[in-house]
Structures are given as structure tokens and as C-alpha cells.
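Chain naming here is simple, since letters A, B, ... match the order of the sequence lines and numbering starts at 1 in each.
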Amino acid sequence: MKTKQRVTEFERQVYDLCSKVPKGSVTSYKEIAHAMHTKAYRAVGAALRSNPYAPKVPCHRVVASNGTLGGFQGSINPRGHSLRKKASMLTEEGLEINKGRIKEFEERLFKLQ
DNA sequence: CGGTTGACCAAGT
DNA sequence: GACTTGGCCAACC
């Protein structure tokens with residue numbers, strides 16, 4: 001398991017923005033990148049991938065920009081794996097998931113900045 | 001400093 | 001709807 005020992009400023013911004021997403025809303029990798037005035041969507045994902053602030057940062061509220069769940073806990077497997085858990089948590093928070101896809105995604109999307 | 005990788009994205013086939 | 005391609009950018013080796 002890849003544990004982060006030192007985080008960069010870039011990653012810190014990512015974690016900070018994630019923690020600002022309220023329960024019942026979600027944000028996307030793209031939105032986070034956009035909020036930081038960069039196009040490094042992938043770097044955002046990479047940052048969450050090693051998420052050293054596990055409980056502190058609700059990384060399950062970050063999904064792909066097309067409304068699908070993206071990845072979770074090291075995997076990006078679309079069919080029942082860790083993604084299932086991510087979906088469950090989001091459901092618990094009041095969101096509606098339909099076949100791995102957020103229902104009314106754009107309305108539930110928390111707009112940063 | 002160059003090349004590879006990645007929880008991405010959009011457009012094309 | 002599934003798969004491929006090109007592009008983006010930071011972290012890592």
C-alpha cells in the first residue's frame with residue numbers, strides 16, 4: 001500500500017477542497033482542478049489515490065465528471081468491488097445512485113468557487 | 001532531465 | 001453503449 005509521507009501544495013489544495021464538500025453533495029475531479037485554476041484532472045485523481053487524510057477527507061464525495069463514481073480505494077472497477085461501498089456511502093448521505101451513476105448529478109454537484 | 005504512470009476528460013470510431 | 005485516441009498535468013523513478 002502506497003502511503004504518502006510528504007504532500008505537495010497541490011495535493012493539499014485537493015484535500016482541502018474535498019473536505020469542504022458538504023454531506024449530500026458531490027464534486028468531480030474536474031471541478032476541483034478547475035477551482036485550482038489548472039487542468040490537472042489526473043493529478044487530482046492521483047492525489048486522492050494516495051489520500052493520506054483518509055477519515056479527514058471524504059474522498060467518496062468526489063466522482064467522475066460524467067456522473068459515474070470514478071474510483072475508490074485503489075480500484076476503478078465498475079462492477080461491484082470497492083465502488084459498491086462508495087455507492088453505499090453516498091446513498092447513506094442522501095444521494096441517489098443508479099447503476100453506479102449519480103442521479104441528477106449536476107444538481108447534486110457542489111460548485112467550488 | 002527524460003520517460004512512465006494515473007481514483008481523468010472529450011471526442012471519435 | 002463499448003472501446004480507442006489524443007491531450008492534460010503532477011508525482012515518481
Side-chain angles (χ1 to χ4, degrees):
Chain A
M1 180 164 153
K2 298 173 183 177
T3 319
K4 255 311 187 208
Q5 301 195 352
R6 278 191 282 238
V7 295
T8 64
E9 278 297 313
F10 182 88
E11 293 169 316
R12 247 179 14 194
Q13 288 183 72
V14 175
Y15 305 134
D16 187 56
L17 289 170
C18 282
S19 58
K20 287 188 173 88
V21 180
K23 175 180 165 190
S25 294
V26 292
T27 191
S28 66
Y29 302 102
K30 184 173 153 193
E31 271 301 309
I32 293 176
H34 190 254
M36 300 194 307
H37 311 115
T38 178
K39 293 152 198 148
Y41 327 109
R42 306 189 79 172
V44 173
L48 292 177
R49 176 185 159 285
S50 23
N51 182 15
Y53 296 74
K56 189 175 172 188
V57 177
C59 39
H60 59 271
R61 291 187 196 145
V62 184
V63 297
S65 65
N66 63 331
T68 56
L69 294 184
F72 192 59
Q73 290 184 345
S75 270
I76 197 172
N77 192 331
R79 282 190 269 249
H81 209 290
S82 20
L83 269 299
R84 191 183 157 86
K85 182 166 184 162
K86 183 170 180 175
S88 298
M89 285 192 289
L90 290 171
T91 302
E92 291 295 311
E93 299 193 350
L95 290 161
E96 300 174 70
I97 312 294
N98 188 304
K99 297 194 164 48
R101 171 144 181 141
I102 310 263
K103 210 174 182 183
E104 314 204 336
F105 171 61
E106 297 191 15
E107 297 175 29
R108 297 292 177 139
L109 184 64
F110 180 72
K111 304 201 181 355
L112 302 153
Q113 290 190 347

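Not a single side-chain hydrogen bond (donor to acceptor under 3.5 Å, both in side chains) links Glu31(A) to another residue, sequence neighbours left out.
Glu93(A) pairs in a salt bridge (charged side-chain N to carboxylate O under 4.0 Å, His left out) with only one of the listed residues (Lys86(A), Arg108(A), Arg61(A), Lys23(A)), which is Arg61(A).
Pairing each heavy atom of Phe105(A) with each of Ser28(A), the nearest pair is CZ-CB, 4.4 Å. Across every non-hydrogen atom of Cys18(A) and Val62(A), the tightest pair is SG-CG2, 3.5 Å.
Nearer to the 5' terminus of DNA chain B, by closest-nucleotide assignment, is the contact made by Ala43(A) (compared with the other of Ala43(A) and Ser28(A)). Between Ala46(A) and Tyr41(A), the one whose closest nucleotide on DNA chain C sits nearer the 5' end is Tyr41(A).
In this structure, Asn66(A) places its CG atom 13 Å from C1' of dG1(C), rounding to the nearest Å. Spacing between atom CZ of Arg61(A) and atom C1' of dA7(B) amounts to 17 Å, rounded to whole angstrom units. Taking atom CD of residue Glu11(A) and atom C1' of nucleotide dA7(B), one finds them 13 Å apart after rounding to whole Å. As rounded to whole Å, 16 Å separates atom P of dA10(C) from atom CZ of Arg12(A). If you take CZ of Arg101(A) and P of dA2(C), they are 12 Å apart, rounded to a whole angstrom. dC9(B) atom C1' lies 13 Å from atom CD of Glu31(A), rounded to whole Å. Remark: P of dC8(C) and CE of Met36(A) are 18 Å apart, rounded to the nearest angstrom. In this structure, Gln13(A) atom CD and dA10(C) atom P are separated by 11 Å, rounded to whole Å.
Between Thr38(A) and dC9(C) there is no side-chain N or O to OP1 or OP2 distance below 4.0 Å. For the pair Thr8(A) and dA11(C), the criterion of a side-chain N or O lying under 4.0 Å from OP1 or OP2 is met. The side chain of Arg42(A) places no N or O atom within less than 4.0 Å of a non-bridging phosphate oxygen (OP1 or OP2) of dC8(B).
Within the nucleic acid shown, Tyr29(A) comes within 4.0 Å of at least one base atom, counting heavy atoms only.
The side chain of Ala64(A) lies closest to dC9(B), out of dC8(B), dC9(B), dA7(B). Between dA7(B), dC8(C), dA10(C), one nucleotide has an atom nearer to the side chain of Lys39(A) than all others, and that is dC8(C). Minimum atom distance to the side chain of Lys30(A) is reached by dC9(B), of the listed dC9(C), dA7(B), dC9(B).
Aromatic ring pairs are classed by plane angle as parallel below 30°, tilted from 30° to 60° and perpendicular above 60°; the pair Phe72(A) and His60(A) is perpendicular.
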